[in-house]
Amino acid sequence: MATKAFQKIYTKITQITKATCSLKATGVGYDELATVNGKLAQVVKIAGDDVTLQVFEGTEGIPTNAEVVFLGKSPTLKVSEQLAGRFFNAFGDPIDGGPEIEGQEVEIGGPSVNPVRRKQPSELIATGIAGIDLNNTLVSGQKIPFFADPDQPFNQVMANVALRAETDKIILGGMGMTNDDYLYFKNVFSNAGALDRIVSFMNTTENPPVERLLIPDMALTAAEYFAVNNNEKVLVLLTDMTSYADALAIVSNRMDQIPSKDSMPGSLYSDLAKIYEKAVQFPSGGSITIIAVTTLSGGDITHAVPDNTGYITEGQLFLRRDSDIGKVIVDPFRSLSRLKQLVTGKKTRKDHPQVMNAAVRLYADAANAKTKMENGFDLTNYDERSINKKTTFVVKSGGLLHGRQETFAGRRAERDAGGLGARRGGQPRRHRGRAGVPRMERQHHQHLSHAIVRQGLSERAPRGTQQLLYAARFPGKVPRVRQPKRPAAALRRLAGQLCGGADGGKAARAERDRRAAALSG
């Protein structure tokens, strides 16, 4: 990097470690860039005249008389519409063979948005993953991590979220990725034809680990451009924040700082909060939502990185491999979205909270029945049915499935208005039994108490997904209906309907509500 005229050059380095070097200098600012023997570095500590530089490529080969030139600026990124569809390194340079970006040069790592300028998050972000959209709905302006083991396919999950999320722009920040993961993201985005709305900043295992520290700030600077200037909904995906924390530990330990828990720096909480607090919903309509991956060391959630992350973020999405179906699911028990109540039942279907609670209760009963079976206890009839239904529920509600946004039209809308057994006219089938009492009403009074309807389950809980949904939506009107031939399809349709659906779905739901009100009257 060429020096400018009349630029001061320092040639005496007082201390060199594997990642940093120190010298005496004046007129230097924090986070300022410099070159040390031609290698890019950044100021990380100032104590009087003693300045410590973090050398991104490492200090190997740097002599004590190396030339040090301060550039007078912090790391910057050129922002414009040309960012879309491109891949960059940690310094914002293109790595996809394309031309250089032309645009406004903006310093990265700025402050978070003033709380006075923020708006309470209130917009739904549909991801197409049933375990998220149904049980842990995401809200624009939210910050939430994925907790996963290193051997789990969290990068595939992030790619699915990027392709399915209903947002204007996706900013991907990859830290410590293998070349296979980098090529996987590049090929998936290219084959899906989604590159026009995705911006990627990549640091692979071949790059110096210290460069990872720039990736989140680069990604968030690009996100702020699209959210503020274009009023767009931006989703920032960061993977893996544990690699970012490891890079912080490398620099901290080589600066002889006293380590904190798990050899992490004492400033870990502040370093993570500086990133996550960039999530925001602007009154003008733009928003920045952050989803990050935090890998766990041996599943230890008490490690310093996930522990501090949990105090900063608004919930967590816990990935685990389910032994019954052999697939990775979003754990319905350990996952939580603390902002979901801002959109469930408001931006989604009105019965979303009831369906969510009933579905989780079903899963809990199945897990309890499995524990009883493994410990040799006697199982009730409902326990046996719960275990048989558990696999289906995991695939439908917790698995990584796309919630197809289909509409209940024609026959489906009419059948749903009066239960699966309804006729085309919307009236439920009523078979006359003894004493002229309709079978539906007789069975309701004999088998379903009001407590059962409120809870959605019991020893005599209604069978089938459609019956459960009908019981939660229309208390007191629970007919005996046929078991659907494809129960998995029912909840996949439900996941799409809960998150809005098309206009035809709204019309069908309005018609279904009208007919249900007529039936209840």
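Since the structure is predicted, the reported quantities are computational estimates derived from the model, not experimental observations.
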Donor-acceptor check, side chain of Asn65 to backbone of Thr11, threshold 3.5 angstrom: yes or no?
no

Within 6.0 angstrom of Lys186 NZ, more than 12 heavy atoms from elsewhere
yes

Between Glu232 and Lys169, does at least one N-O distance fall below 4.0 Å, as a salt bridge requires?
yes

In terms of side-chain heavy atoms, does Asn155 have a donor or acceptor partner in Thr239 at a distance below 3.5 Å?
yes

Between Glu211 and Asn203, is there a donor-acceptor pair closer than 3.5 Å when you use the side chain of the first and the backbone of the second?
no

Determine whether more than 12 heavy atoms belonging to other residues, nucleotides or ligands lie under 6.0 Å from atom NZ of Lys12.
no

Any side-chain heavy-atom pair of Pro153 and Arg321 under 4.5 Å:
yes

Any donor-acceptor pair under 3.5 Å from Ser80 side chain to Glu102 backbone:
yes

Tightest non-hydrogen contact, residues Ile301 and Pro306, listed as O-CG, 3.6 Å

Does Thr242 reach the main-chain N or O of Thr295 with its side chain, forming a donor-acceptor pair under 3.5 Å?
yes

Nearest 0.5 Å, what's the CG-CZ distance between Leu33 and Phe56?
6.5 Å

Test item: Val280 and Ile288 side chains (from C-beta on) under 4.5 Å apart, heavy atoms
yes

Find the distance between CD (Glu100) and CZ (Arg86) and round it off to the nearest 0.5 Å.
8.0 Å

Main chain of Leu248, side chain of Ser252: is a donor-acceptor contact present, judged purely on distance under 3.5 Å?
no

For the residue pair Thr20 / Thr52, report whether a side-chain donor-acceptor contact shorter than 3.5 Å exists.
no

I'd like to know whether Tyr311 forms a side chain to side chain contact (heavy atoms under 4.5 Å, CB included) with Leu272, so could you lay out the CA-CA distance, the side-chain angles of the two residues, the decisive distance to 0.1 Å, and finally the verdict.
CA-CA 10 Å; Tyr311 284 103; Leu272 294 176; over 6 Å; no

Begin with the C-alpha distance, continue with both residues' side-chain angles, and end with the deciding distance and a verdict on side chain to side chain contact (heavy atoms under 4.5 Å, CB included) for Asp31 and Gln42.
CA-CA 6 Å; Asp31 283 343; Gln42 186 179 18; 3.6 Å; yes

Could you tell me whether the side chain of Thr289 and the main chain of Gly141 form a donor-acceptor pair under 3.5 Å?
yes

What's the separation between atom CD in Gln15 and atom OG in Ser22, rounded to the nearest 0.5 Å?
5.0 Å

Given side chains that start at C-beta, do those of Arg334 and Arg320 come closer than 4.5 Å, heavy atoms only?
no

Report the distance from atom CD1 of Ile108 to atom CG of Leu214, rounding to the nearest 0.5 Å.
5.0 Å

Looking only at non-hydrogen atoms, find the nearest pair between Tyr30 and Ser74 and report the distance.
O-OG, 4.3 Å

Between atom CG of Asp149 and atom CZ of Phe318, what is the distance when rounded to the nearest 0.5 Å?
7.0 Å

Audit row: Gln120, Leu342, side chain to side chain contact (heavy atoms under 4.5 Å, CB included) steps and yes/no:
CA-CA 9 Å; Gln120 184 183 42; Leu342 299 177; 4.0 Å; yes

Minimum-distance pair of heavy atoms, taken over all atoms of Ala364 and Phe333:
CA-CZ, 3.5 Å

Any side-chain donor near an acceptor of the partner, Asn207 and Thr204, under 3.5 Å
yes

Single hit among Thr137, Asp133, Asn135 for side-chain contact (heavy atoms from CB on, under 4.5 Å) with Lys340:
Thr137

Does any part of the side chain of Thr167, heavy atoms only, come nearer than 4.5 Å to the side chain of Val234, both counted from C-beta?
no

Is any side-chain heavy atom of Phe146 closer than 4.5 Å to one of Gln152?
no

Flag the pair Phe87 / Phe185 as yes when their ring centroid distance falls below 6.0 Å, and as no otherwise.
no

Side chain to side chain contact (heavy atoms under 4.5 Å, CB included), that's the test. Do Val51 and Tyr10 meet it? Break it down for me.
CA-CA 12 Å; Val51 178; Tyr10 297 87; over 6 Å; no

For the student: nearest non-hydrogen atoms of Ser287 and Ser140, plus distance
OG-CB, 3.7 Å

Donor-acceptor pair, side chain of Ser335 and main chain of Pro332, under 3.5 angstrom:
no

Is there a side-chain contact between Val293 and Met158, using heavy atoms and a 4.5 Å cut-off?
yes

Tightest non-hydrogen contact, residues Lys39 and Thr59, listed as NZ-C, 4.4 Å

If the test is side chain to side chain donor-acceptor pair (under 3.5 Å), which one of Glu314, Gln142, Gln316 qualifies with Ser337?
Gln142

4.5 Å side-chain heavy-atom contact, Tyr182 and Ile95:
yes

Measuring from Arg164:CZ to Ile170:CD1, what's the distance to the nearest 0.5 Å?
13.0 Å

Can you confirm whether the side chains of Asp300 and Ser297 place a donor and an acceptor under 3.5 Å from each other?
no

In the structure I gave you, are the side-chain heavy atoms of Leu163 and Val188 within less than 4.5 Å of one another anywhere?
yes

Can any side-chain N or O of Asp262 pair as donor or acceptor with the backbone N or O of Met264 at less than 3.5 Å?
no

Using distance alone, with no hydrogens and no angle criterion, decide if Glu81 and Asn230 have a side-chain donor and acceptor under 3.5 Å apart.
yes

Whether Asp93 side chain and Asn89 backbone form a donor-acceptor pair below 3.5 Å
no

When every non-hydrogen atom of Ile275 is compared with those of Pro216, the smallest separation belongs to CD1-CB, 3.6 Å

